[in-house]
There are 2 protein chains.
Amino acid sequence: MKVLSKASVYGLRALLYIVSKKDKSEYVSIREMSEELSISFHFLTKILQSLTQRGLLESYRGPNGGIALKLPAEEIFLIDVVKILEGENFFDSCLLGLPGCGEFEPCPVHDFWKVTKAALQDEFATTSLAELGTKISENRLRLSG
Amino acid sequence: MKVLSKASVYGLRALLYIVSKKDKSEYVSIREMSEELSISFHFLTKILQSLTQRGLLESYRGPNGGIALKLPAEEIFLIDVVKILEGENFFDSCLLGLPGCGEFEPCPVHDFWKVTKAALQDEFATTSLAELGTKISENRLRLSG
DNA sequence: TATATTTAAGACAAACTTGTCCCAAAATAA
DNA sequence: TTATTTTGGGACAAGTTTGTCTTAAATATA
């Protein structure tokens with residue numbers, strides 16, 4: 001079951017890498033992240049570019065440059081990242097792909113999918129990068145295979 | 001959010017079309033389904049072929065031929081269809097794509113994704129084609145855009 | 001038998017996602 | 001200024017999913 005595209009997965013892993021670093025005062029280079037997370041450097045660059053363009057990240061060129069969060073990690077939620085990388089309508093999908101599926105014209109599985117979607121959306125909307133960063137540090141969780 | 005491939009979506013819609021037909025005694029032609037559901041005929045043919053090869057459907061060639069369920073609709077569950085068309089490991093996915101993610105080596109979002117996956121799997125495992133067929137008939141639900 | 005109908009099966013093409021490569025632009029440091 | 005480092009951005013290639021086309025095989029009917 002592939003819920004998120006590679007772009008979202010890589011983007012999230014990179015942001016989690018940033019927030020789980022000890023030193024929060026420096027830019028993190030994309031090269032470092034791509035190597036630590038085993039992600040294609042150029043692909044990751046483009047993903048992070050999108051996040052920078054949309055104001056979620058700040059980038060800085062040149063030696064010791066890199067990427068940094070533009071907001072405190074407490075104020076960035078998974079849903080912010082996913083909506084940028086997957087599209088604003090990410091949580092509006094119909095499981096059977098019927099256009100206009102909703103309360104008025106539901107598909108046969110709308111009732112239960114609606115509930116699942118809402119639960120997922122809520123989880124994404126309330127889970128911050130800070131929360132996961134703490135979790136990663138405390139439990140020494142990995143971010144790559 | 002694309003949880004199911006087109007193959008699964010089309011396969012499910014076709015099966016729901018079959019079970020929501022009044023006359024259950026005849027084969028339903030793929031051509032009819034492809035037209036009623038606005039699905040490419042050849043693509044649908046291949047999808048249903050997979051289901052036939054895996055014993056979920058029965059096919060019959062020649063005039064008045066077509067496709068029929070090989071089991072009563074009460075005994076076919078969404079999970080049966082999806083596991084054939086998406087793969088047996090469909091419900092084992094890690095949201096962040098980390099290999100071996102599980103209780104021993106969880107990814108940072110494993111705890112909540114585990115719950116969501118289980119709820120989805122349960123819903124797929126307990127929803128039968130018969131149940132949805134009844135729902136479709138009673139509420140005149142559509143199966144195509 | 002001959003013809004029409006329908007699924008089976010494979011080759012192929014189009015579209016989308018993912019990944020690679022190259023060079024430009026910005027910043028640092030010597 | 002010059003060289004080096006790093007992101008920006010576009011072209012392009014590879015891979016996967018989705019869709020199309022052609023022919024074969026099975027069945028029914030006349």
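In what follows, every chain begins at residue 1, and chains take the letters A, B, ... in the order their sequences are listed. Just so you know, these numbers use all the heavy atoms, side chains as well, and skip hydrogens, waters and symmetry mates.
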- Donor-acceptor pair, A:Ser50 side chain versus A:Lys46 backbone, under 3.5 Å? yes
- Query: Are the side chain of A:Ser93 and the backbone N or O of B:Met1 linked by a donor-acceptor pair below 3.5 Å?
  - Reply: yes
- Task: Starting at atom CZ of A:Arg31, determine the distance to atom C1' of D:dG8, rounded to an integer number of angstrom.
- Result: 14 Å
- Task: Between A:Ser5 and B:Ser29, just flag the one whose closest nucleotide in DNA chain C comes earlier from the 5' side.
- Result: B:Ser29
- Please examine the side chains of A:Met33 and A:Leu48, heavy atoms only from C-beta on, and report whether any two atoms are closer than 4.5 Å. yes
- Any side-chain N or O of A:Tyr60 under 4.0 Å from OP1/OP2 of D:dT5? no
- Message: Categorize B:Tyr27 for me: base, sugar-phosphate, or nothing, with a 4.0 angstrom heavy-atom threshold over every strand shown.
- Response: nothing
- Check every atom of D:dG19, D:dT27, D:dT17 against the side chain of B:Tyr10 and return the nucleotide holding the closest atom. D:dG19
- Task: Check whether B:Leu44 and B:Tyr27 end up in the same hydrophobic cluster, where Ile, Leu, Val, Met, Phe, Trp and Tyr are linked by side-chain heavy atoms less than 4.5 Å apart.
- Result: no
- Message: Check the orientation of B:Phe91 and B:Phe124. Use parallel for under 30°, tilted for 30 to 60°, and perpendicular for over 60°.
- Response: perpendicular
- Begin from the C-alpha positions of A:Glu103 and A:Lys114 and carry the test salt bridge (charged side-chain N to carboxylate O under 4.0 Å, His left out) through to its verdict. CA-CA 9 Å; A:Glu103 296 304 312; A:Lys114 167 182 63 179; 3.3 Å; yes
- Are B:Leu69 and B:Glu58 close enough that some pair of their side-chain heavy atoms sits under 4.5 Å apart? no
- Can you give the first and last nucleotides of DNA chain C, 5' to 3', that have an atom under 4.0 Å from a heavy atom of chain B? C:dT5 to C:dA11
- Message: Could you check whether any side-chain N or O of B:Trp113 sits under 3.5 Å from a backbone N or O of B:Pro108, counting only pairs where one atom can act as donor and the other as acceptor?
- Response: no
- Positions of residues 42-54 of chain B (non-hydrogen atom under 4.0 Å from DNA chain D), listed by number: B:His42, B:Phe43, B:Lys46
- Task: Using the closest heavy atom to pick a nucleotide of DNA chain C for each, name whichever of A:Gly62 or A:Leu4 lands nearer the 5' end.
- Result: A:Leu4
- Message: From CD of B:Glu26 over to P of D:dA28, roughly how many Å is that when rounded to an integer?
- Response: 14 Å
